[in-house]
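To keep things clear, I will list the structure first and then write my remarks on it.
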Amino acid sequence: MATREEIINGFVKAIVDGDEVAAAKWAKEAINAQLDAYELVTKYGGDAMSVVNQKYEKKEYFVPEVLCSANALNAAVEVLTPHMKADKTTVPARVVLGVVEGDIHDIGKNLVKIMLSAAGFNVIDLGKDVPLAKFLETAKENKAEVVGMSALMSTTMPAMKKVIDMFAQAGVRNKVKIIVGGGPVTEEWALSIGADARPHDASAAVGVTKDLVAKLKQDPSSAW
Ligand code: B1M
């Protein structure tokens, strides 16, 4: 059997090379060797995507190569998903989740979905490039407690503020907690646009969501 180091190196290389078959194979090896599935994806998958990003910035890689690497990471995530564990919530809730309009980077959002679902939240996944009004519409329809938005580009971040303003204009901002995340989204910026929190990664999103839902349920005026 391969060593931990060989598995991690093989996994990172497969993603950098954009090799879906090898990425899935190393993911299976990792499970057999009892490596932590979440750490493998977020830490080592993240490291691999940073290498891809450096290659993109140096113009060694172009969009098609980046896409192959994203597909390889997704192939590994598919294998690892059933093995990702999160502490179960004692206060279940509905979470409307999506990547904002104009943005198709959905790997991080998918990890957030996996972790929130594993914790027992009912995640309504709107996907990527989501028209902004859809967040409000879906939250209302499903009487959601939480809305989560992801954005990976500085050009799409402002859409998050527009969505938060829509909830305020509709008079329902107090009915939901709103979390935002993604590479360029800082905590300071998140709070400045009126979001309730900015979990730094998918695992942190679980704890943050639990706390926010518990707070929301203490406020009787938050019922839809
Ligand atoms: Co593009 N891309 N991309 N890209 N891409 C970036 C984001 C970029 C930083 C690369 C660069 O220029 N250095 C840059 C944005 C620059 C900027 O705005 N500042 C960029 C660009 C410019 C573009 C295009 C415009 C390129 C072009 O066409 N010329 C284009 C835009 C398309 C569009 O969206 N309209 C484009 C396209 C693509 C691909 C399609 C090829 C592919 C995406 C495939 C896919 O997602 N299905 C892609 C990729 C893969 C990247 C990089 C290399 C990697 C992103 C990634 O998946 N990271 C990226 C560079 C980078 O980020 N360093 C880049 C791994 C992932 C696990 O991390 O998503 O950050 P992340 O999620 C983390 C946390 O952020 C957090 O949890 C996750 C970890 O647990 N998190 C949340 C995320 N969402 C959260 C929500 C939460 C809480 C936590 O609560 C709701």
Side-chain angles (χ1 to χ4, degrees), residues 12 15-16 18 20 23 36-78 80-81 84 86 95-119 121 123-130 135 139 144-160 163-164 176-187 189-190 193 195-210 212:
V12 170
I15 293 168
V16 173
E20 284 182 52
D36 184 282
Y38 178 75
E39 188 191 24
L40 194 69
V41 170
T42 49
K43 179 165 181 350
Y44 300 107
D47 288 352
M49 292 315 283
S50 297
V51 175
V52 172
N53 188 40
Q54 284 159 19
K55 287 183 179 287
Y56 177 74
E57 288 184 340
K58 283 195 264 173
K59 300 201 186 321
E60 288 170 22
Y61 273 14
F62 297 91
V63 170
E65 286 84 6
V66 178
L67 192 52
C68 286
S69 292
N71 290 341
L73 179 54
N74 279 331
V77 169
E78 209 168 295
L80 296 165
T81 296
M84 290 198 212
V95 183
V96 174
L97 183 67
V99 180
V100 296
E101 191 166 359
D103 204 321
I104 61 167
H105 297 88
D106 63 354
I107 298 174
K109 182 271 297 172
N110 290 340
L111 288 176
V112 174
K113 177 187 177 183
I114 289 166
M115 295 311 285
L116 289 179
S117 304
F121 290 106
V123 180
I124 301 147
D125 183 5
L126 299 178
K128 58 195 172 188
D129 191 13
V130 178
F135 287 95
E145 285 88 351
V146 180
V147 173
M149 289 180 276
S150 182
L152 263 285
M153 297 194 290
S154 44
T155 47
T156 53
M157 279 165 63
M160 293 171 157
V163 172
I164 294 172
V176 291
K177 294 292 182 185
I178 301 185
I179 61 172
V180 294
V185 178
T186 63
E187 176 148 15
W189 184 80
I193 62 163
D196 292 294
R198 171 260 180 198
H200 67 275
D201 68 11
S203 179
V206 172
V208 166
T209 303
K210 280 182 190 173
L212 289 174

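Both counts, for ligands and for their atoms, begin at 1 and track the order of listing. Model, not experiment: these values are computed from the prediction. Only heavy atoms go into these numbers, but all of them, side chains included; no hydrogens, no water, no symmetry mates.
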#### Entry: Shortest reach to atom 56 (C) of ligand 1 by a heavy atom, considering only M115, R198, M49
M49
### Query
Hey, is ligand 1 close enough to N74 that some N/O pair sits below 3.5 Å?
no
### Query
What atoms of ligand 1 come closer than 4.0 angstrom to any heavy atom of I179?
90 (O), 91 (C)
### Query
What protein heavy atom sits nearest atom 32 (C) of ligand 1, and how far off is it?
I104 CG1, 3.6 Å
### Summary
Closest to atom 8 (C) of ligand 1 (heavy atoms only, candidates N53, L67, T42, V51) is N53
### Query
Which protein heavy atom lies closest to atom 29 (N) of ligand 1, and at what distance to 0.1 Å?
Y56 OH, 3.5 Å
### Query
Mind checking whether D201 has an N or O less than 3.5 Å away from an N or O of ligand 1?
no
### Message
Looking only at distances, can you tell me whether any N or O atom of S150, backbone or side chain, sits closer than 3.5 Å to an N or O atom of ligand 1?
### Response
yes
### Query
Tell me, do L97 and V112 make a side-chain contact under 4.5 Å, heavy atoms counted?
yes
### Message
Please compare Q54, H105, E57 and report which has the shortest non-hydrogen distance to atom 6 (C) of ligand 1.
### Response
H105
### Query
Any idea which atoms of ligand 1 are less than 4.0 Å away from a heavy-atom of G183?
70 (O), 75 (O)
#### Entry: Within-cut-off N or O pair, P199 and ligand 1, under 3.5 Å
no
### Summary
min-distance protein heavy atom vs atom 44 (C) of ligand 1 -> A70 CB, 3.7 Å
### Summary
If you scan protein heavy atoms around atom 49 (C) of ligand 1, the nearest is V66 CG1, 3.5 Å
### Message
Within a 6.0 Å radius of atom NZ on K177, are there more than 12 heavy atoms belonging to other residues, nucleotides or ligands?
### Response
yes
### Message
Give me the residue, atom name and distance of the protein heavy atom closest to atom 28 (O) of ligand 1.
### Response
V63 CG2, 3.7 Å
### Query
Heavy-atom contacts under 4.0 Å between V112 and ligand 1: side chain, backbone, both, or neither?
side chain
#### Entry: From D201, D129, D125, residue fulfilling salt bridge (Lys or Arg N to Asp or Glu O under 4.0 Å) relative to K109
D125
#### Entry: S154 contact mode with ligand 1 (heavy-atom cut-off under 4.0 Å)
both
